[in-house]
Amino acid sequence: MSSQNDGIIVILSSPSGAGKTTLVNLLSKKKNFNISVSHTTREPRSNEIDGKDYFFVNNQVFENLIKNNQFLEYAKVFNNLYGTSKKPVIDLLRMGKNVLFDIDWQGTRQIKSQNIKYKILTFFVLPPSKQVLFERLSNRDMKDKLIASERMKDFYKDVEHWVDYDFVVINDDLNKCYDEISQIIDLSLNNNQDINYNKKKISDHVSKLTN
Ligand code: 5GP
């Protein structure tokens with residue numbers, strides 16, 4: 001059982017391009033949550049800083065971390081490996097700090113299946129429309145538009161995992177979406193059991209996104 005003084009784990013997942021990273025940064029800043037910095041074998045984008053956005057490592061370093069049982073979870077996403085180091089996260093939770101994770105559905109599933117003693121809240125972030133999603137993916141620092149098209153294909157697979165999450169939010173307005181997540185976290189921290197969200201609305205929205 002987690003104690004009153006332990007921190008909680010808040011996981012945000014989404015198909016690529018739903019604006020989750022911006023939400024994670026906003027939550028960290030406004031609510032003073034710590035962000036778990038993952039390891040990845042992906043190449044850094046031009047605006048990314050090693051040690052802040054990710055720990056950028058090669059395959060060999062990553063494989064060693066797996067062998068030495070350093071990861072709380074890890075997964076292959078878009079042909080690269082991503083993983084969350086166990087120790088820094090557990091240290092923070094023990095100290096009563098809340099930790100935010102920007103990880104995919106595979107990692108979320110692994111963390112949830114471990115029966116760790118800390119409270120876990122999971123959110124799945126959806127884009128407002130297919131068009132907005134494609135625009136966001138195309139505007140990134142990516143080699144060419146082909147990658148945006150590839151990630152659109154992955155979107156159809158990833159979006160199906162919304163059903164595994166405690167809460168699903170639509171990111172049509174950053175501040176509104178932030179407020180919604182923030183309110184749910186606050187209610188949950190106060191052990192309020194009656195947190196509801198409109199599942200039918202979400203299910204209809206997913207149908208629209210995938211048709
Ligand atoms: P990106 O390459 O765009 O930064 O991230 C690609 C995907 O990998 C995103 O869905 C992101 O949430 C996920 N991701 C980032 N770090 C981790 C991690 O440590 N573990 C897992 N399972 N997924 C991660």
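Atoms within a ligand are numbered from 1 in the order they appear, just like the ligands themselves. Start at 1 with the first residue, then count along the sequence.
With Ile9 as the fixed residue, the side chain to side chain contact (heavy atoms under 4.5 Å, CB included) test singles out one of Thr108, Leu92, Leu93: Leu93. Residue Asp6 is tested with Arg94, Lys119, Lys117 for a salt bridge (charged side-chain N to carboxylate O under 4.0 Å, His left out); the sole match is Lys117.
When Tyr82, Phe78, Phe101 are ranked by how near their heavy atoms come to atom 2 (O) of ligand 1, first place goes to Tyr82. Considering only non-hydrogen atoms, atom 20 (N) of ligand 1 lies nearest to Glu73 out of Glu73, Arg45, Gln106.
Both the backbone and the side chain of Thr84 come within 4.0 Å of ligand 1, counting heavy atoms alone. Residue contacts with ligand 1, taken as heavy atom pairs separated by less than 4.0 Å, do not involve Gln110 at all. With a 4.0 Å heavy-atom cut-off, ligand 1 is reached by no atom of His39.
Residue Gly83 approaches ligand 1 through these ligand atoms, each under 4.0 Å from one of its heavy atoms: 18 (C), 19 (O). Distances below 4.0 Å separate heavy atoms of Ala75 from the following atoms of ligand 1: 22 (N). Under a 4.0 Å criterion applied to the non-hydrogen atoms of Arg42, ligand 1 contributes the atoms 1 (P), 2 (O), 4 (O). Atoms of ligand 1 lying under 4.0 Å from any heavy atom of Gly107, numbered from 1 in the order shown and given with element: 22 (N). Shown in contact with Lys20 at under 4.0 Å from a heavy atom are these atoms of ligand 1, numbered in order with element: 9 (C), 10 (O), 11 (C), 12 (O).
When all heavy atoms are compared, the tightest approach of Phe71 to Ser85 is CD2-N, 3.9 Å. The two residues His161 and Tyr165 come nearest to each other via the heavy atoms O-CD1, 3.2 Å. When all heavy atoms of Glu73 and Gly107 are compared, the closest pair comes out as OE1-CA, 3.2 Å.
Note on residues 166-188: pairs passing side chain to side chain donor-acceptor pair (under 3.5 Å), not counting sequence neighbours, are Lys31-Ser182, Lys31-Asp186, Thr122-Asp166.
Residue Glu48 has no N or O atom closer than 3.5 Å to an N or O atom of ligand 1. At under 3.5 Å, a nitrogen or oxygen of Asp102, whether backbone or side chain, sits near a nitrogen or oxygen of ligand 1.
The pair Lys208-Asp204 does not count as a salt bridge, with every side-chain nitrogen at least 4.0 angstrom from each carboxylate oxygen.
In this view, Tyr82 and Tyr54 satisfy the ring-ring contact (aromatic ring centres under 6.0 Å, His included) rule, not counting sequence neighbours.
Between Tyr54 and ligand 1 there is a heavy-atom distance shorter than 4.0 Å.
Put simply, CD on Glu48 and CZ on Arg45 are 5.0 Å apart, with the number rounded to the nearest 0.5 Å.
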